[in-house]
Amino acid sequence: MDVIKLGLGGFGTVGSGLAKILDMNAKRIGKKLGKRIEIKSVLVRDLDKKRAFDLGPDVIYTDNPDEMINSDIDIFVELMGGLDTAKDLMLKAFAAGKHVVTANKHLLAEHGLELFEAAKENNVGLMFEASCAGGIPIVQTLKESLAGDEVKQMLGIMNGTANYILSEMTTKGMDFDSALADAQDLGYAEADPTFDIEGFDTAHKLCVLIRMAYGVDYPLSELPIQGITGVTAMDIEFAREFGYRVKLLAHVMDVNGQLEAGVHPALVPYTYLLARVGGNYNAVRLEGNAVGPIMLHGQGAGDLPTGSAVLADIMNLARQINGTCDAPDNTGFGNQPITKANILPPAESESKYYFRFTVQDRTGVMAAVTKSMSENGVSIAQAVQKGEAGAEGVPLVIISHETKAKSVATVVNELDAMDFTVEPCVTFRIL
Ligand SMILES: NC(=O)c1ccc[n+]([C@@H]2O[C@H](COP(=O)([O-])OP(=O)(O)OC[C@H]3O[C@@H](n4cnc5c(N)ncnc54)[C@H](OP(=O)(O)O)[C@@H]3O)[C@@H](O)[C@H]2O)c1
């Protein structure tokens, strides 16, 4: 049986997950491919570290990146993370005529254009199913299954840590800090959780998926990104009273040929499937102009789920190695140059909004708030004020009808400057 030889860059959570599946499902893989997949060499930082899976005596461990790339491998599987070393190694792998599989969304979001171009020039594959939503097959769904559909809209819960924190706040009434500490204890959140809770990790995935859905580049630097650190237990409770759950959503929509996109905490009607995605799970809801709505739900991280996505890419490439297809279509758009997206200015985007003002409990406040809103074209759907008489500030919560982000910004600026305002206004979009 032919052998497909792998070089693993990194042997941590995902690398060991991949090794476990190769061992566990070896028979099935051989039956499907008519080829065997073998790990030949592994690049790590610390050669003395005990590993989660024993690869046996024949596998070469190295801490020298060049030794790995120049070894006799067919596919370089980049599971190291980070930007510079990973990118450098991928470019070297392409130049050496080796295919690459990666799970590195950060690298693809920042340097994807250059990497796709280099892979094309060298006629090799660059595959990245595991980079978005772990075990959920969203990349292939966009590339192959919905190849002929126009994607009208895509909504995703794509960070398990953020979703776990929001779910704990919702179901147990916890505050943000306690829920984050729990996530860290359970190993869901990194010691430095910034990328997860500030929305950057979700943003990286959204940039990758926009390329797959629309064949264009939405630069990370232009994407509006809001994390979940400003979501309080009080907002979660108000959202519940109005019939919503708070989720960190990635969204992109085609608005008359322009792309409206961003990452935001949003109030999702509790009857929607997305509102039911709990714990550290991920989900993506797609709407194609022919297929209609589709929902994918599953584990967005972990050794085996993510390893499963990496293996699918490896098997896809393995079918092509020595086969008839020697120019893999990495982007799903025939490897044509990826041009910049026609972006709807974020200020022009429209949504319903949740406003929480913290104001003095005195006459005239409600009138001033409604005046500012009506002068700026923000129409009120529901309002509620709660709090103890005599308290320094009471929450005034307003749910608006569809309105432009720029009108929301003007209202917030006007009202935050009023003498009755005790704390800055908090706003979230509503789905
Ligand atoms: N974990 C998940 O569930 C998940 C899900 C989706 C995508 N991803 C992505 O998959 C990639 C890997 O994640 P992971 O969780 O498996 O990471 P990890 O557990 O931290 O493992 C990283 C591995 O890469 C090695 N490494 C890192 N930098 C290196 C360098 N400069 N030179 C040599 N070796 C280096 C490390 O070596 P040592 O072991 O010697 O330190 C380690 O074996 C990342 O891009 C991540 O974003 C992860």
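Order of listing sets the numbers, starting from 1, for every ligand and every atom in it. Just so we're clear, the structure is a prediction, and the values are computed from it rather than from any experiment.
- In this structure, Phe195 has its ring center under 6.0 Å from that of His106.
- The protein non-hydrogen atom at the shortest distance from atom 10 (O) of ligand 1 is Ala103 CB, 3.4 Å.
- Taking distance alone, with nitrogen or oxygen atoms compared against 3.5 Å, Asp303 stays at or beyond that limit from ligand 1.
- Contact analysis leaves Gly82 out of contact with ligand 1, as no non-hydrogen atom separation drops below 4.0 angstrom.
- A donor-acceptor pair shorter than 3.5 Å cannot be found between the side chains of Thr85 and Asp88.
- The nearest heavy-atom contact from the protein to atom 39 (O) of ligand 1 is Arg51 NH1, 2.6 Å.
- Geometrically, ligand 1 and Gly10 share no nitrogen or oxygen pair separated by less than 3.5 Å.
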Item to complete: Go through Arg45 and Asp63 one step at a time and tell me if the salt bridge (Lys or Arg N to Asp or Glu O under 4.0 Å) criterion holds.
Response: CA-CA 5 Å; Arg45 273 178 302 215; Asp63 57 3; over 6 Å; no
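- For the pair Ala130 and ligand 1, the shortest N or O to N or O distance does not fall below 3.5 Å.
- When hydrogens are left out, the protein atom nearest atom 19 (O) of ligand 1 is Thr13 N, 2.9 Å; that is the closest non-hydrogen contact.
- Between Thr194 and Asp192, the side chains place a donor N or O and an acceptor N or O closer than 3.5 Å (distance only, hydrogens not considered).
- Listed by number with element, the atoms of ligand 1 under 4.0 Å from a non-hydrogen atom of Asp46 are 40 (O).
- Comparing Leu79, Thr62, Asn282 against atom 22 (C) of ligand 1, the shortest heavy-atom distance belongs to Leu79.
- If you number the atoms of ligand 1 from 1 as listed, the ones under 4.0 Å from a heavy atom of Gly81 come out as 44 (C), 45 (O).
- Taking a cut-off of under 4.0 Å to the non-hydrogen atoms of Lys49, the atoms of ligand 1 that pass are 38 (P), 39 (O), 41 (O).
- Checked by distance only, ligand 1 and Ala301 stay at 3.5 Å or farther apart across all their nitrogen or oxygen atoms.
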Open item on the list: Evaluate Tyr281 against His297 for ring-ring contact (aromatic ring centres under 6.0 Å, His included), listing each step before the verdict.
Closed with: CA-CA 7 Å; Tyr281 269 68; His297 177 251; 5.2 Å; yes
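- At the top of the distance list for atom 21 (O) of ligand 1, counting protein heavy atoms only, stands Gly12 CA, 3.3 Å.
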Practice prompt. Start with the C-alpha distance between Tyr353 and His401, add both sets of side-chain angles, then the distance that settles ring-ring contact (aromatic ring centres under 6.0 Å, His included), and finish with yes or no.
Written response: CA-CA 7 Å; Tyr353 273 86; His401 291 292; over 10 Å; no
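- Listed by number with element, the atoms of ligand 1 under 4.0 angstrom from any heavy atom of Asn104 are 45 (O).
- The presence of a protein heavy atom under 4.0 Å from atom 41 (O) of ligand 1 is confirmed.
- For atom 5 (C) of ligand 1, the nearest non-hydrogen atom from the set Thr306, Leu43, Thr85 belongs to Thr306.
- The shortest contact between atom 48 (C) of ligand 1 and any protein heavy atom is with Val14 CG2, 3.5 Å.
- Close N/O approach between Gly302 and ligand 1 is found [any backbone or side-chain N/O within under 3.5 Å].
- Glu402 CD: more than 12 foreign heavy atoms inside a 6.0 Å radius.
- Of all the heavy atoms of Glu78, none lies under 4.0 Å from any atom of ligand 1, so neither backbone nor side chain is involved.
- Residue contacts with ligand 1 for His106 are absent, since no atom lies close enough (heavy atoms, distance under 4.0 Å).
- Regarding atom 29 (C) of ligand 1, its nearest protein heavy-atom neighbour is Arg45 CG, 3.6 Å.
- Using a 4.0 Å cut-off between a side-chain N of Lys or Arg and a carboxylate O of Asp or Glu, Glu38 and Lys40 qualify as a salt bridge.
- Of the candidates Glu260, Met154, Gln153, Glu260 is the only one forming a side-chain contact (heavy atoms from CB on, under 4.5 Å) with His251.
- Side chains of Asp182 and Tyr188: no donor on one and acceptor on the other come within 3.5 Å.
- When hydrogens are left out, the protein atom nearest atom 47 (O) of ligand 1 is Lys105 NZ, 3.1 Å; that is the closest non-hydrogen contact.
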Q: List the steps, then state whether side-chain hydrogen bond (donor to acceptor under 3.5 Å, both in side chains) holds for Ser167 with Arg245.
A: CA-CA 9 Å; Ser167 299; Arg245 292 194 183 144; over 6 Å; no
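- Per-residue contacts place Phe11 under 4.0 angstrom from the following atoms of ligand 1 (heavy atoms of the residue considered): 23 (C), 42 (C), 43 (O).
- If you check the side chains of Lys247 and Asn163, you find a donor sitting under 3.5 Å from an acceptor.
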Checklist entry - When you look at Asp235 and Tyr354, which way does the side-chain hydrogen bond (donor to acceptor under 3.5 Å, both in side chains) test go after all the steps? => result CA-CA 9 Å; Asp235 296 311; Tyr354 163 97; 2.7 Å; yes
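- For the residue pair Thr410/Asn413, the side-chain donor-acceptor check at 3.5 Å is not satisfied.
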